Amino acid sequence: MKVFISADMEGVAGIVHQEQTGRDGMEHDRARRLMTAEVNAAVEGALEAGATEILINDSHGTMRNLIPELLHSEAEYIIGSPKMLSMMEGIDDSFDAVILLGHHSRMGQSGILNHSFSGKVVTNIKINGVDYGEIGINAAIAGTFNVPTVLVTGCQYAGAEAEELVPSIETAIVKQTRNRVAAKNLAPAKSQALIKQKVISALEKRKSIEPFKINGPYTVELTYIHSGFADAAEVLPIVEKVNGETHRFQADDFITAFRYIRSLISLASST
Ligand SMILES: [Zn+2]
C-alpha cells in the first residue's frame, strides 16, 4: 500500500497565528517542530496500517518547513517550491490513499487561518459554479489519478468542509476554532496520538471511500482581493474579465485548470 501525505501547517495543533506560519515569524521554527511531529505520527499510523511506501509533500508556504533531522526514517519527503502540482506534488495513480494533514478551510468561511492558496491574493475560487478551497482542489487532484482522499486533519471547520465533499471521509479534529486566530487545541502529544489512530482507521476503510472528482469540462472563476491583482494577472491570454476583481477561464482537464489557477496567482503575486 502506497500512501501520499500533503502536509500543511495551519491545521496543526498549537498553531493559530501568522507569527507561527510565516517564514519570518518569531515562533515559526517552533511551529515547524509541531508540524514535523504530526507528520511523524501520521507515518507511524500508516506503517501500522500496512503501508509499504509513504511519500510526504511539504505543502506550506516556502514548502521548506519539515525539519529533516527530526523526520521519521520510514518515509520519503518532497521539500521545496515551486512545484508543478504544488501541495500535491508527487501524487500519481500508483498511490492507494491520500491524507491531507494540517489543512484548513477556504477563504471566506469560518476556520483557523482560513485562506485559499494565497491569503494575500485570492478571495474565492469557483469551479463550475461551486466554491472550492485547498481541501477540495487537492482532493480533486488526487481524484484525477483515481486516488481517494481518506483523511483530513485540522480544525472542526476543515473537517466539515471535507465531509461536505466526501461524506465517508475520516477527520482528525485537533483543535476547535474560536475565531480566525484563536483556537482551543489538543496538547501536541494528544493531537499526535489522535492523528496516528485516525490514519489507521482511514487507511483500513480506504476501499470504501470514492476518489473525489469534479467533472469537466471546467469553467473557473478566480476572484482576487483587489483589482490590482487582476490587472497583473490578465497578461495570461486565457482569461476573460468578469469584473474588476474576477477572471474566468475554461479548461478541459482538471490538472490544466489547476495549473492555470497557480499561474494566475503567481502573476497576481508579482505586483
Ligand atoms: Zn499553509
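Indexing begins at 1, ligand by ligand and atom by atom, following the structure's order. Heads up: numbering here begins at 1 and tracks the sequence. Since we're looking at a predicted model, the values are computed, not measured.
- The atom of D8 nearest to the Zn ion (ligand 1) is OD1, with the search restricted to N, O or S atoms.
- Looking at R180, its side chain never comes within 3.5 Å of a backbone N or O of I112 through a donor-acceptor pair.
- One of the N, O or S atoms belonging to E10 lies under 2.8 Å away from the Zn ion (ligand 1).
- Taking the six-membered ring for Trp and thresholds of 30 and 60 degrees, H247 and Y224 have ring planes more than 60 degrees apart, a perpendicular arrangement.
- Residue H60: an N/O/S atom is found under 2.8 Å from the Zn ion (ligand 1).
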side-chain hydrogen bond (donor to acceptor under 3.5 Å, both in side chains) evaluation trace for T123 with E245:
CA-CA 9 Å; T123 304; E245 290 89 34; over 6 Å; no

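- A distance-only check finds no donor-acceptor pair linking the side chain of S81 to the backbone of M63 [under 3.5 Å].
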